[in-house]
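Report on the structure given below.
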Number of protein chains: 2
Amino acid sequence: MLTERRQNILRLIIEDYVASAEPVGSRALVRKNALGLSPATIRNEMADLEILGYLEQPHTSAGRVPSAKGYRLYVDSLLSPEQLSEKDVSLIEHWYQSKTQRLDDVFRLTAKILSRITRNLSFVLTQAHQERVFRYMKFLPLDEQRAILVLVTDSGVVENRVFRLPPGVIWEELEQVAERLSNRLAGVSLTNLDERVLQEVREAIVQNAALYADTVAMLRETQSASKREQLYLGGATHLLNQPEFRDLEKARGLLSVIEEERLVRDLLQVQKDDGVFVTIGEENKFSGIQDCSMIQATYRLDGKTVGTLAVLGPTRMEYAKIISVVNFLHHYLKGVVEQNNER
Amino acid sequence: MLTERRQNILRLIIEDYVASAEPVGSRALVRKNALGLSPATIRNEMADLEILGYLEQPHTSAGRVPSAKGYRLYVDSLLSPEQLSEKDVSLIEHWYQSKTQRLDDVFRLTAKILSRITRNLSFVLTQAHQERVFRYMKFLPLDEQRAILVLVTDSGVVENRVFRLPPGVIWEELEQVAERLSNRLAGVSLTNLDERVLQEVREAIVQNAALYADTVAMLRETQSASKREQLYLGGATHLLNQPEFRDLEKARGLLSVIEEERLVRDLLQVQKDDGVFVTIGEENKFSGIQDCSMIQATYRLDGKTVGTLAVLGPTRMEYAKIISVVNFLHHYLKGVVEQNNER
DNA sequence: TGTTAGCACTCCTTGATGTTGAGTGCTAAC
DNA sequence: GTTAGCACTCAACATCAAGGAGTGCTAACA
């Protein structure tokens, strides 16, 4: 366990470094912080902190830089929780005001807001991993040649599909098919359709191959839609503003990780608990982002993960602020999703 | 009009520069191309081409670099149309094979393919700018407390919305409302809903304010959905690989233009004709991309623009190849969209 | 025992300087 | 019209010295 004074020095170093991106030296530290000690004393403490692994030196005769372990300690126990400034809160509310219609837009907007306020890259991942149970299906007329096949699930989601009426088909006949299938499929989970069920469907509409194809396609689509994930992303530009990405190689490595949706999803699925969660430096999975930290929060509904939002930036980031922003938006989004879901 | 020889020299310079990204000098040019002339002669020609505005010199004693005007001439008349290599064609087909289900996925995939093959940034913009005409609406039962309001338009698109049944409402009553509204609204264009129509709707369901709200919201959503644009984007990483973006300032400027969907849409809406279309350097609207060229193609359906695909890269790009790729995918996408639409 | 002043040392950064090489323009000869 | 020759330009690169911020260590001090 570190002495209070060492913790304090570590905290000051981190905060200075986060602000300036320059290694911080002993003299500079005392100049800025009037802490009643001489540079020499600080030097001694810094040397010890380095031995303990909380600081690093880019080279002899440069100042000290926090190590991943240093950041970790900072995030876990040194950092003083920050309130979101009123200005930021009102900004956020202002941005959200404009459109709150489509859930889709809310997520997109959230990613944008998150990146603007934190000045870092942000993600919003929605995992609409909902169980969908078939309720009934029905045909609706459209015109002489076409009709609509409508599929209703227990959550009220309606999938629909326009199809050409097979020549010579009678409307009553279609209604019978719908009736028969509705009875057969009622209560079946569309999340795990198996061959047995499809076979039954096939048997129920032997007369009409085209109709069968459309029906099955629609069932499948509903199935895949219920597993659908969507990733929203904002503020990649901010990364290039960070001095750590002067080095083009690094920037490129990072961008290529981000462009692979697959990888991002992997990143975001790490977390199993609710609440805000910080990954620092090498704790991250992929090599492109091992100089980065990520602050993420997952929100759930009835115990199931339905989405994650996250901020990604250099390890040298304003943890306190970003954590508070993520927290805030996390709650906001949770509210929106819940409200939308009970409708 | 340039002499044949000058055109030839210009073409060679451009192709050399595109490949190497280095200013090309007279000596180097003759060495590589065995064109039976001495460097001195080439120098004379180059000097003339520079005076005419087709070439530029970064500084005295550097080689020549094509100007925007030079590229323009090249694209318009010097460039020999290229066939897509068989390898590329089979690659494309392979990629498309996997999933052809959702239109959505097709666009996303197209953006990805486009950027992979051209090694540049690519866009796919869909402008589902379709006139939608109301046909009828209908209620479908869901459970004791909820029902589904379904809206059918002439193109067969069905919008639907779950709502809570007002307590004490009778099903027959709802059906009457639907009937009444269907009659009133049949044939009305949802693309330009006006207050008069909404007023009529209001009158038709005076009894039930909640129902009114849901109905109007749905009409509005259908309206906005019919104007909905979607932008897909792929391969931003490639830009950072280009030597012209060593300069971080430039890269950042470009990325920030790209991140503003609004701006990108603006860019892509320039074009009014069908077919492939090239914008070079300063011909582009925004300052962030004035070192860039864009190759785009718009596809239409019944005379209406429904989508655009585009490749954006440094002016120094492989025009012939990229044009052929854009062309190819353009036709492919057109086919997919048409097929999807007539279903 | 903890703190501090002093000092030699390290090493990045910056700017000046010289060298190299690819390329040019011009002139005169073919 | 083409070409060889030549003086000139200028970015790129390497080398070198000076400056400055920072360190570690030792010895003195409270």
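Quick note on labels: first sequence line is chain A, next is B, and so on, each numbered from 1.
- Listed pair Thr60(B) / dT9(D) fails the phosphate criterion, with no side-chain N or O lying under 4.0 Å from OP1 or OP2.
- Taking atom CD of Glu22(A) as the reference point, atom C1' of dA21(D) lies 11 Å away to the nearest angstrom.
- Remark: side-chain polar atoms of Ser67(A) are paired, donor with acceptor, to backbone N or O of Tyr54(A) under 3.5 angstrom.
- Residues Val311(B) and Val325(B) are not in side-chain contact: their nearest non-hydrogen atoms beyond the backbone lie 4.5 Å or more apart.
- For the pair Leu49(B) CG and dG25(C) P, the interatomic distance rounds to 12 Å; values are reported in whole Å.
- You'll find a donor-acceptor pair under 3.5 Å spanning the side chain of Ser61(A) and the base of dT10(C), going by distance alone.
- Comparing dG22(D), dT24(C), dA11(D) against the side chain of Ser26(B) picks out dT24(C) as the nearest.
- Using a 4.0 Å heavy-atom criterion, one finds that Arg64(B) contacts the sugar-phosphate atoms exclusively.
- Contact annotation: the side chain of Pro314(B) approaches that of Asn120(B) to within less than 4.5 Å [non-hydrogen atoms, C-beta and beyond].
- Ser26(A) and Pro39(A) make their closest contact through CB-O, 3.5 Å (heavy atoms, listed as atom of the first residue, atom of the second, distance).
- Among the heavy atoms of the strands lying under 4.0 Å from Thr41(A) is at least one base atom, whether or not backbone atoms are also near.
- An OP1 or OP2 oxygen of dG5(D) is reached within less than 4.0 angstrom by no side-chain nitrogen or oxygen of Arg43(B).
- For Met46(B), counting side-chain heavy atoms from C-beta on, the closest listed nucleotide (dT24(C), dG25(C), dC12(C)) is dT24(C).
- The distance from atom CG of Leu37(B) to atom C1' of dT3(D) is 10 Å, rounded to the nearest whole Å.
- Rounded to whole Å, atom P of dT9(D) lies 14 Å from atom CD of Gln57(B).
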Annotated structure of DNA chain C as dot-bracket, pair cut-off 3.5 Å, Watson-Crick or G-U only, | for inter-strand, is ||||||||||||||||||||||||||||||
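- Side-chain N/O atoms of Asn8(B) and Arg5(B) include no donor and acceptor closer than 3.5 Å.
- Atom-to-atom, CG of Asn44(A) to P of dA28(D) comes out at 17 Å; the value is rounded to the nearest Å.
- In terms of polar N and O atoms assigned as donor or acceptor, the side chain of Arg27(A) never comes within less than 3.5 Å of the base of dG22(D) in a complementary pairing.
- Here dA22(C) presents its P atom at 15 Å from CG of Asp16(B), a figure rounded to the nearest Å.
- Taking atom CZ of Arg5(B) as the reference point, atom C1' of dT3(D) lies 12 Å away to the nearest angstrom.
- Mapped onto DNA chain D by nearest heavy atom, Pro23(A) and Ala40(A) fall at different nucleotides, with Pro23(A) at the one closer to the 5' end.
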Salt bridge (Lys or Arg N to Asp or Glu O under 4.0 Å), that's the test. Do Arg64(B) and Glu50(B) meet it? Break it down for me. CA-CA 8 Å; Arg64(B) 300 304 208 292; Glu50(B) 183 173 352; 2.7 Å; yes
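- Residue Ile13(A) contributes atom CD1, which lies 13 Å from atom C1' of dG22(D) at whole-angstrom precision.
- The number of heavy atoms from other shown groups lying within 6.0 Å of CD (Glu260(A)) is above 12.
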